[in-house]
Amino acid sequence: MTKLLKKWWARFLFQDRGIIPSARLLLLYGIFSIVLIGFGIWIEIPWYLIFSINILFLLGTFIDLFYLPKRKDVICERNFPKDMERGIVYPIEVSVINKSRHPFSYLMVDGLPKTFKRVFPVKGKCQAKSTVIHTYETMAAERGKYEVGKLYVRIRSFLGLWQRQITFDMTEEVKVIPDLTETKRYLEDTQKYLLYEGTVIRKQQSGMGEFAQIRHYVVGDDPRLINWRQTAKLQEVMTNDYEPEHGKYVTILIDCGRMMGAELPKGNRLEKVLEAAMTVAAAALEKGDYVSVVAFSKEVKVFVPPGKGMNHLQTILHAVYDLQVDPVESNYAQVLSYVETHQKKRSLLLLFSDVRTFLYERNALIYLQRLRQRHLFLMIGIQDHVLQRIVQIKPTDIEKTMQKSMAQKQILFKRNEKAKWERRGMLMIEAREEKLAATAVSLYMDVLNRQLI
């Protein structure tokens with residue numbers, strides 16, 4: 001294919017700039033040529049005359065170019081967010097500015113990455129000396145850093161015979177971060193979020209923690225905490241309110257090994273783990289605690305040092321937003337050794353991983369026994385929904401009976417091995433994928449309220 005043909009082909013694919021014929025022109029020219037050839041055969045018109053009439057017809061269509069706005073008279077501006085949450089639909093605004101005296105209609109194709117939802121080409125009209133704001137919706141299916149490319153626009157006049165294709169270089173980077181819906185719901189109302197999820201939090205021990213405020217007494221409060229001085233002064237029953245001490249250390253361990261790539265109805269295990277980890281981090285930072293994050297697979301991939309304050313949440317988010325599953329087995333011994341070296345203060349170590357894989361780990365036991373002397377270690381994973389579904393089937397034939405018995409055997413093995421690890425001091429919990437964030441926050445709250453760290 002010659003350079004000229006490649007250029008014309010790119011124009012038809014919205015990949016170049018220039019003037020191209022419209023589908024309307026091609027259709028009219030085709031009908032005109034067929035009719036003219038038919039008349040030529042019927043009344044025996046010379047072929048050179050037919051050819052000349054065709055040329056004159058094409059030259060006549062050039063009148064349409066006078067009503068087609070020039071390149072400098074059309075301006076487009078795109079408003080694209082710098083950060084997008086995975087799986088969330090975002091409206092993208094494109095301003096089309098027409099500085100010419102002629103109206104036009106347009107087709108638009110935006111240079112979105114292939115993993116984004118695409119609805120192109122989009123259509124619209126712009127009157128003379130006016131501005132139109134066109135909105136389309138897109139959604140990112142995978143996390144990571146992407147580049148949004150050029151914006152391609154085809155304009156045509158009211159005759160619609162020729163089209164001018166214009167390319168706007170608006171290349172910019174966009175970061176697709178984890179879905180923070182759970183985190184936002186928690187920050188809006190902690191207790192309402194946990195109650196909605198059906199999670200019960202153990203109440204704080206009476207009089208334990210830091211004094212927070214004096215408030216009105218409500219049914220269910222401990223009578224021993226009534227502030228009699230303020231009660232007598234205000235002639236209303238007032239009580240002291242305590243909250244857990246601030247400044248605790250929470251270390252979140254995120255497994256990025258092979259088993260975290262197991263597919264779920266929406267995304268994979270790593271996606272859900274990142275969403276839950278961000279929710280726990282937000283809960284701890286809101287309480288005034290220090291949060292650090294370690295992501296690992298065969299080796300440590302990301303380490304975010306301890307920090308406090310809600311601004312630290314952005315630091316964590318931009319450090320882990322592009323984590324991907326590695327096709328290797330996780331090295332638990334190395335990450336536990338790494339934590340032992342870098343986390344000197346007593347901390348809650350919350351490990352997000354696959355429980356079944358960890359149960360086969362033996363090398364990590366030595367490091368775990370060392371960590372127990374200084375840290376509190378908890379592990380949370382996602383239930384195997386396939387295994388749970390097989391256990392619920394009715395054994396109507398031999399094949400289903402074998403499947404159900406093997407699934408029950410796997411569950412029994414996991415239960416026995418978990419009991420062994422728990423006797424060594426590590427709590428292991430599996431939650432449904434939709435309850436993972438709420439369960440993780442509940443664990444953190446329970447540890448905090450019981451003054452275990």
Side-chain angles (χ1 to χ4, degrees), residues 180-252 276-292 306-316 343-350 372-378 380 425 427 429 431 435-453:
L180 300 180
T181 303
E182 295 286 328
T183 304
K184 295 173 184 176
R185 286 175 54 201
Y186 170 82
L187 292 176
E188 288 175 0
D189 192 329
T190 304
Q191 196 62 36
K192 183 179 179 180
Y193 167 75
L194 293 171
L195 290 176
Y196 175 79
E197 295 295 338
T199 304
V200 179
I201 302 177
R202 182 177 299 181
K203 292 184 178 180
Q204 183 182 340
Q205 300 177 16
S206 299
M208 298 294 293
E210 297 179 345
F211 174 78
Q213 61 180 342
I214 299 176
R215 58 174 175 80
H216 289 280
Y217 180 87
V218 296
V219 178
D221 286 341
D222 191 344
R224 293 172 296 181
L225 299 181
I226 294 177
N227 190 314
W228 295 108
R229 182 185 297 272
Q230 290 294 322
T231 299
K233 183 177 180 180
L234 300 176
Q235 298 298 311
E236 294 182 8
V237 181
M238 307 296 290
T239 183
N240 295 332
D241 192 18
Y242 294 87
E243 61 182 21
E245 296 180 3
H246 301 311
K248 304 297 184 180
Y249 283 79
V250 179
T251 302
I252 301 175
M278 293 306 302
T279 307
V280 174
L285 292 171
E286 187 187 38
K287 294 292 184 182
D289 294 337
Y290 292 87
V291 178
S292 60
K308 65 183 304 185
M310 294 306 294
N311 290 336
H312 190 56
L313 187 64
Q314 290 296 321
T315 303
I316 296 173
Q343 185 58 276
K344 298 298 183 181
K345 296 188 177 182
R346 179 169 175 79
S347 173
L348 166 63
L349 303 181
L350 186 59
R372 278 189 56 209
Q373 299 174 6
R374 181 181 301 168
H375 306 286
L376 177 64
F377 203 101
L378 301 177
I380 182 169
L427 179 62
I429 294 178
K435 297 284 187 180
L436 183 65
T439 304
V441 173
S442 177
L443 280 174
Y444 161 74
M445 292 289 189
D446 187 49
V447 168
L448 202 65
N449 291 339
R450 293 168 60 188
Q451 303 290 316
L452 297 179
I453 57 173

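Both backbone and side-chain heavy atoms feed into the values below; hydrogens, waters and symmetry mates do not. Heads up: numbering here begins at 1 and tracks the sequence.
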### Query
So how far is it from K184 NZ to T279 OG1, rounded to the nearest 0.5 Å?
11.5 Å
### Task
Show the numbers, then the answer: is there a side-chain contact (heavy atoms from CB on, under 4.5 Å) between M278 and L180?
CA-CA 7 Å; M278 293 306 302; L180 300 180; 4.1 Å; yes
### For the student: nearest non-hydrogen atoms of A284 and V291, plus distance
CB-CG2, 3.5 Å
### Query
Heavy atoms, side chains only, cut-off 4.5 Å: are K344 and R374 in contact?
yes
### Task
Determine, stepwise, if the pair V250 / Y290 fulfils side-chain contact (heavy atoms from CB on, under 4.5 Å).
CA-CA 6 Å; V250 179; Y290 292 87; over 6 Å; no
### Task
Find out whether E286 and L187 are in side-chain contact, i.e. whether some heavy atom of one side chain is under 4.5 Å from a heavy atom of the other.
yes
### Message
Are Q343 and Y249 packed together at the side-chain level, in the sense that at least one heavy-atom pair is separated by less than 4.5 angstrom?
### Response
yes
### Query
Below 4.5 Å, heavy atoms only, C-beta onward: do L348 and K248 meet side chain to side chain?
no
### Query
For K435, does its backbone N or O pair with a side-chain atom of T439 as donor and acceptor, under 3.5 Å?
yes
### Query
Are any non-hydrogen side-chain atoms of Y217 and E236 less than 4.5 angstrom apart?
no
### Task
Verify, without hydrogens or angle tests, whether H375 (side chain) and S347 (backbone) share a donor-acceptor contact under 3.5 angstrom.
yes
### Query
Does some side-chain heavy atom of T239 sit less than 4.5 Å from a side-chain heavy atom of N227?
no
### Summary
Closest heavy-atom pair, I252 versus A277, reported as atoms and distance to 0.1 Å, is CD1-O, 3.6 Å
### Summary
Heavy atoms of A276 and A437 approach each other most closely as CB-CA, 3.7 Å
### Message
Before you tell me yes or no, could you show the steps for L378 and I429 under side-chain contact (heavy atoms from CB on, under 4.5 Å), namely the whole-Å CA-CA distance, both residues' side-chain angles and the distance that decides it to 0.1 Å?
### Response
CA-CA 8 Å; L378 301 177; I429 294 178; over 6 Å; no
### Query
Does the side-chain contact (heavy atoms from CB on, under 4.5 Å) test come out yes or no for R215 and N240, once each step is laid out?
CA-CA 7 Å; R215 58 174 175 80; N240 295 332; over 6 Å; no
### Task
Identify the two heavy atoms, one from G307 and one from L285, that lie closest to each other, and give their separation to 0.1 Å.
O-CD2, 3.5 Å
### Task
Answer yes or no: is there a donor N or O on one side and an acceptor on the other, between the side chain of T251 and the main chain of S292, under 3.5 Å?
no
### Query
Hey, does L427 have a side-chain heavy atom less than 4.5 Å from the side chain of I380?
no
### Query
Quick one: are Y186 and V441 in side-chain contact, heavy atoms under 4.5 Å?
yes
